[in-house]
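See structure below.
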Number of protein chains: 2
Amino acid sequence: MTARLEPNMTDISRSGCPINLSLEVLGDKWSLLIIRDMMFGNRRHFRELLTKSEEGISSNILADRLKTLLDEGIITREDDPTHKQKGIYSLTEQGIELLPVLAQMAAWGYKYLPVSEELGIRARLLSEGGPKLWAEFMDELRENHLGTKRRKRTGPSVGERLQAAYDSVVQRK
Amino acid sequence: MTARLEPNMTDISRSGCPINLSLEVLGDKWSLLIIRDMMFGNRRHFRELLTKSEEGISSNILADRLKTLLDEGIITREDDPTHKQKGIYSLTEQGIELLPVLAQMAAWGYKYLPVSEELGIRARLLSEGGPKLWAEFMDELRENHLGTKRRKRTGPSVGERLQAAYDSVVQRK
DNA sequence: CAAACTGATTGCGATTTGCAACTGGTTGTA
DNA sequence: TACAACCAGTTGCAAATCGCAATCAGTTTG
């Protein structure tokens with residue numbers, strides 16, 4: 001959007017409270033949705049994030065948020081070798097560790113807000129799975145986004161299970 | 001700020017995703033800070049929330065957010081019997097159950113952002129205490145905000161322990 | 001070579017933010 | 001009873017942000 005005066009940082013913060021600092025980075029209506037789509041929808045390109053999201057973010061907002069998330073070290077960007085213009089966005093460890101925040105937020109929303117059935121199923125499974133399932137999913141994210149060595153795998157991944165559950169609900173309706 | 005056309009609801013939502021719905025309610029830079037101050041600072045009056053917060057919210061924003069949080073069922077307001085003008089704001093069960101969200105957000109901020117020592121100590125203790133400590137603290141919040149029957153208590157409450165830790169760091173500096 | 005696709009950028013009106021001043025009322029004190 | 005201090009907000013206004021639509025320049029596909 002508006003170019004920031006300095007490349008990054010130097011933004012004076014309102015306080016050194018961890019919650020406040022987190023909100024200064026993520027406290028808007030889009031940033032965490034972008035993280036969500038990268039985590040659960042495996043969206044890695046600008047176009048994917050732009051067009052395949054439920055909520056319909058506009059391109060200038062998306063570009064601005066991606067820039068901020070880059071500056072904050074929550075995501076990285078690298079060139080896609082198959083296409084000179086495409087960039088591949090990846091979560092950093094810092095970004096991956098936002099999963100528990102998203103999981104708690106999803107659990108709260110699932111319990112108290114008018115969540116649609118198909119979009120609620122992931123929240124339910126994630127909530128029921130608890131921190132152990134979150135850790136497993138975060139390991140998978142490390143594989144996909146950080147290129148961490150693949151561990152032994154028995155059965156479908158958490159990501160696959162969440163997707164399968166979603167598909168199954170959509171199918172049934 | 002701007003009066004909503006209808007008392008509440010009827011705001012069309014971007015999607016039925018639990019994370020999106022949560023962000024539509026809480027996705028701004030102030031709402032969760034107000035919740036935080038009610039939870040950890042035991043701020044219950046307008047003036048307390050206005051003047052005793054680290055970040056310095058302005059009165060119109062505070063009034064607007066309190067209205068929204070009321071509409072959403074996250075807090076309630078009752079008259080203070082000791083003062084005809086004072087209102088007492090309390091968390092609902094729905095509001096109290098935002099604690100895990102705040103705790104995860106605090107833990108993430110504590111790990112990755114330039115948190116001040118005195119304001120980080122609560123985050124550290126809360127993170128180390130884990131879900132078990134959160135549940136204990138939520139029970140205390142139910143006592144203080146919902147008037148739930150007081151359970152047997154051994155030693156200082158979680159709230160007191162967090163406050164004592166904060167005071168101790170401030171003292172030492 | 002043209003159409004479609006890529007990651008963005010720009011213009012612009014509508015909305016939201018945030019500061020400061022202010023309102024109408026209540027309480028404490030002399 | 002006068003008066004200052006305190007209470008919960010409200011109002012005005014300028015600045016910043018949001019969000020839609022159009023556009024852009026380079027890349028790939030047919």
Side-chain angles (χ1 to χ4, degrees), chain A residues 1-5 11-15 20 23-34 37-38 43-71 75-90, chain B residues 1-5 11-15 20 23-34 37-38 43-71 75-90:
Chain A
M1 207 77 94
T2 316
R4 49 189 72 215
L5 299 178
D11 304 318
I12 195 65
S13 78
R14 300 179 297 187
S15 88
N20 174 58
L23 286 172
E24 287 184 4
V25 178
L26 304 166
D28 73 271
K29 300 213 185 304
W30 289 111
S31 298
L32 285 174
L33 291 183
I34 295 171
D37 284 347
M38 292 182 70
R43 316 264 188 267
R44 306 291 290 270
H45 302 284
F46 191 92
R47 278 293 142 173
E48 286 179 327
L49 288 163
L50 185 68
T51 60
K52 293 184 183 174
S53 91
E54 285 281 329
E55 293 85 9
I57 191 170
S58 47
S59 59
N60 53 346
I61 306 286
L62 176 58
D64 178 76
R65 294 303 185 281
L66 288 173
K67 215 171 291 173
T68 304
L69 292 172
L70 277 168
D71 287 347
I75 62 175
T76 56
R77 194 208 128 110
E78 56 190 326
D79 292 337
D80 184 334
T82 74
H83 190 302
K84 282 182 184 169
Q85 266 180 324
K86 273 187 180 175
I88 304 180
Y89 291 98
S90 301
Chain B
M1 208 74 100
T2 315
R4 52 188 67 215
L5 299 177
D11 304 318
I12 195 66
S13 78
R14 300 180 296 187
S15 88
N20 174 59
L23 286 172
E24 287 184 4
V25 178
L26 303 166
D28 72 272
K29 302 216 186 302
W30 290 111
S31 297
L32 284 174
L33 291 184
I34 295 171
D37 284 347
M38 291 183 70
R43 315 262 188 268
R44 307 290 289 272
H45 303 285
F46 191 92
R47 277 296 138 169
E48 288 181 326
L49 289 163
L50 186 66
T51 61
K52 294 184 184 175
S53 93
E54 286 280 329
E55 293 85 8
I57 191 171
S58 49
S59 58
N60 53 345
I61 306 285
L62 176 58
D64 180 75
R65 294 304 185 279
L66 287 173
K67 216 170 291 175
T68 304
L69 292 172
L70 277 168
D71 287 348
I75 61 176
T76 56
R77 194 209 129 111
E78 57 191 324
D79 292 336
D80 185 333
T82 75
H83 190 302
K84 282 180 182 168
Q85 265 180 325
K86 275 187 179 173
I88 303 180
Y89 291 98
S90 302

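Just the heavy atoms: all of them, side chains too, but no hydrogens, waters or symmetry mates, feed the values below. Because the structure is a prediction, the values reported are computed rather than measured. By convention in this document, chain letters (A, B, ...) are assigned in the order of the sequence lines, proteins followed by strands, and residues within each chain are numbered from 1.
Atom CG of B:Asp80 and atom C1' of C:dT27 are 12 Å apart (whole Å). Regarding B:Leu62, its CG atom lies at a distance of 16 Å from the C1' atom of D:dT11, rounded to whole Å. At whole-Å resolution of the value, CG in B:Leu70 and C1' in D:dA8 are 13 Å apart. Rounded to an integer number of Å, the gap from CG of A:Asn60 to P of C:dC12 is 15 Å. Counting to the nearest Å, the C1' atom of D:dC18 and the CG atom of A:Asp64 are 10 Å from each other. Rounding to whole angstrom units, CG of residue B:Asp28 and P of C:dT15 are separated by 18 Å. Atoms CG (A:Leu69) and P (C:dG7) sit 16 Å apart, rounded to a whole Å. In this entry the distance linking CZ of B:Arg65 with P of D:dT10 reads 14 Å, nearest Å.
Here A:Arg14 lies out of heavy-atom contact (under 4.0 Å) with every strand.
The listed nucleotides are D:dA21, C:dA8, C:dT17; the one nearest the side chain of B:Ile61 is C:dT17. Closest approach to the A:Phe46 side chain among C:dA8, C:dG18, D:dA8 is made by C:dA8 (side chain taken as heavy atoms from C-beta onward).
In terms of phosphate contacts, A:Arg77 brings a side-chain nitrogen or oxygen within less than 4.0 Å of OP1 or OP2 of C:dA8. Contact annotation: A:Lys67 does not reach the phosphate of C:dG7 (side-chain N/O to OP1 or OP2, under 4.0 Å). Taking only side-chain nitrogens and oxygens, B:Trp30 comes nearer than 4.0 Å to OP1 or OP2 of C:dG18.
Residues A:Ile34 and A:Arg43 are not in side-chain contact: their nearest non-hydrogen atoms beyond the backbone lie 4.5 Å or more apart.
Legend: residues meeting side-chain hydrogen bond (donor to acceptor under 3.5 Å, both in side chains) with B:Asp28, ordered by chain and number and at least two apart, are B:Ser31, B:Arg65. Scored by the side-chain contact (heavy atoms from CB on, under 4.5 Å) test, A:Asp79 finds A:Arg77 as partners (sequence neighbours excluded). With sequence neighbours excluded, the residues satisfying side-chain hydrogen bond (donor to acceptor under 3.5 Å, both in side chains) with B:Arg44 are B:Ser90. A search for side-chain hydrogen bond (donor to acceptor under 3.5 Å, both in side chains) contacts involving B:Arg47 returns nothing, not counting sequence neighbours. Scored by the side-chain hydrogen bond (donor to acceptor under 3.5 Å, both in side chains) test, B:Ser53 finds no partners at all (sequence neighbours excluded).
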statement: Protein heavy-atom contacts under 4.0 Å, written 5' to 3' over nucleotides 23-30 of chain D as B (base), S (sugar-phosphate only) or - (none), form the string --BBSS--
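Looking at A:Ser59, its side chain comes within 3.5 Å of the base of C:dT9 through a donor and an acceptor atom.
Although no hydrogens or angles enter the test, the distance criterion places a donor-acceptor pair under 3.5 Å between the side chain of A:His45 and the main chain of A:Gly87.
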